[in-house]
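One structure below.
What you see is a predicted model, and the numbers here were worked out from it, not measured in a lab. Every chain is numbered from 1, with letters handed out A, B, ... down the list of sequences.
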Amino acid sequence: MPSEEYVELVLSAVERIPPGKVMAYGDVAEYVGQGGPRQVGWVMAHHGGAVPWWRVVRADGRPHDKAGEAVRRLRSEGVPFRDPDGERVDMRAARWMPDLSRPR
DNA sequence: AGCCTGACAGATA
DNA sequence: GTATCTGCCAGGC
């Protein structure tokens with residue numbers, strides 16, 4: 001079980017993702033500098049309700065909630081999809097990383 | 001220790 | 001394009 005501090009790091013990173021953009025689990029892990037994609041997944045599974053969880057997707061662009069609420073929200077934010085079905089986000093265009101030079 | 005599981009990722013076939 | 005496998009990190013049994 002990750003420390004509370006780790007949980008906070010992950011959640012704060014997710015909170016910074018602007019509408020219309022997304023981050024992969026691995027991206028979040030890289031940003032917080034510890035753990036891995038699966039740890040981020042753990043955090044989201046247990047504390048995701050408090051943050052814009054739908055902006056965290058798999059590296060291949062598939063949202064966790066396939067064809068469900070995530071896709072609906074992402075579409076309404078203008079996130080580009082590779083296919084009309086909304087199966088996969090266009091990561092090339094929608095991928096985002098926090099501005100390291102301007103933390104907080 | 002050994003094996004299994006998971007909101008994952010990358011490589012390979 | 002899909003399907004599998006292996007690696008990854010942390011935890012549960």
Side-chain angles (χ1 to χ4, degrees):
Chain A
M1 189 170 195
S3 66
E4 284 302 319
E5 182 184 327
Y6 182 72
V7 171
E8 290 306 317
L9 280 172
V10 170
L11 295 183
S12 65
V14 174
E15 281 172 350
R16 291 175 200 158
I17 307 176
K21 292 290 179 179
V22 300
M23 277 180 86
Y25 293 88
D27 294 339
V28 177
E30 184 184 335
Y31 175 68
V32 303
Q34 47 185 298
R38 312 196 79 136
Q39 303 316 114
V40 173
W42 185 94
V43 173
M44 294 308 287
H46 294 275
H47 307 273
V51 294
W53 54 268
W54 57 91
R55 295 183 191 140
V56 183
V57 302
R58 278 174 56 160
D60 63 3
R62 293 217 327 250
H64 166 55
D65 186 14
K66 173 167 132 187
E69 190 175 332
V71 175
R72 204 161 42 66
R73 287 176 175 280
L74 289 171
R75 261 207 274 261
S76 70
E77 290 178 358
V79 171
F81 281 83
R82 296 168 52 76
D83 52 335
D85 300 339
E87 296 258 329
R88 284 166 305 152
V89 171
D90 183 346
M91 293 304 279
R92 190 177 51 169
R95 200 174 192 179
W96 180 86
M97 274 295 256
D99 189 343
L100 295 172
S101 67
R102 196 200 56 187
R104 269 259 136 300

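- Using a 4.0 Å cutoff on non-hydrogen atoms, the parts of residues 44-55 of chain A near DNA chain B are A:M44, A:A45, A:W53, ordered by number.
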Nucleotide N/O to protein N/O under 3.5 Å, stretch nucleotides 6-9 of chain C:
{"residue": "C:dG7", "atom": "O6", "partner": "A:R38", "partner atom": "NH1", "Å": "3.3"}
{"residue": "C:dC9", "atom": "O2", "partner": "A:Q39", "partner atom": "OE1", "Å": "2.6"}

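- Counting any heavy atom pair closer than 4.0 Å across all strands shown, A:A24 reaches sugar-phosphate atoms only and no base atom.
- Residues passing the side chain to side chain contact (heavy atoms under 4.5 Å, CB included) test with A:D90 are A:P80, A:R82, A:R92, A:A93, sequence neighbours excluded.
- Every residue meeting the salt bridge (Lys or Arg N to Asp or Glu O under 4.0 Å) condition with A:E77, not counting sequence neighbours, appears here in chain and number order: A:R55.
- In terms of heavy-atom proximity, A:Y25 sits nearest to A:P37 at CB-O, 3.9 Å.
- Atom name P, nucleotides B:dA11 and C:dC9: the rounded distance is 16 Å, in whole Å.
- Each salt bridge (charged side-chain N to carboxylate O under 4.0 Å, His left out) pair with one or both residues in residues 26-47 of chain A, not counting sequence neighbours, appears once here: A:D27-A:R95.
- Chain A approaches DNA chain B within less than 4.0 angstrom (heavy atoms of the protein), and the contacting nucleotides run 5' to 3' from B:dG6 to B:dG10.
- Checked against side-chain hydrogen bond (donor to acceptor under 3.5 Å, both in side chains), A:E15 has no partners two or more places apart in sequence or in another chain.
- Separation of the P atoms belonging to B:dA7 and C:dC13 is 16 Å when rounded to the nearest angstrom.
- With sequence neighbours left out, A:R75 forms a side chain to side chain contact (heavy atoms under 4.5 Å, CB included) with A:V71, A:F81.
- The shortest side-chain heavy-atom distance between A:D65 and A:W53 falls under the 4.5 Å cut-off.
- Nearest heavy-atom pair across A:V56 and A:A24 is CG1-C, 4.5 Å.
- A:L9 meets the side chain to side chain contact (heavy atoms under 4.5 Å, CB included) test with A:V32, A:Q34; sequence neighbours excluded.
- When all heavy atoms of A:V57 and A:P63 are compared, the pair lying nearest together is CG1-CA, 3.9 Å.
- With sequence neighbours excluded, no residue forms a salt bridge (Lys or Arg N to Asp or Glu O under 4.0 Å) with A:R88.
- Legend: residues meeting side chain to side chain contact (heavy atoms under 4.5 Å, CB included) with A:Q39, ordered by chain and number and at least two apart, are A:P2, A:Y6.
- Looking at heavy atoms from C-beta onward, A:H64 lies out of side-chain contact with A:W54 at the 4.5 angstrom threshold.
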Strictly under 3.5 Å: I want the nitrogen or oxygen pairs between protein and nucleotides 1-3 of chain C, one per line.
{"residue": "C:dG1", "atom": "OP1", "partner": "A:R88", "partner atom": "NH1", "Å": "2.8"}

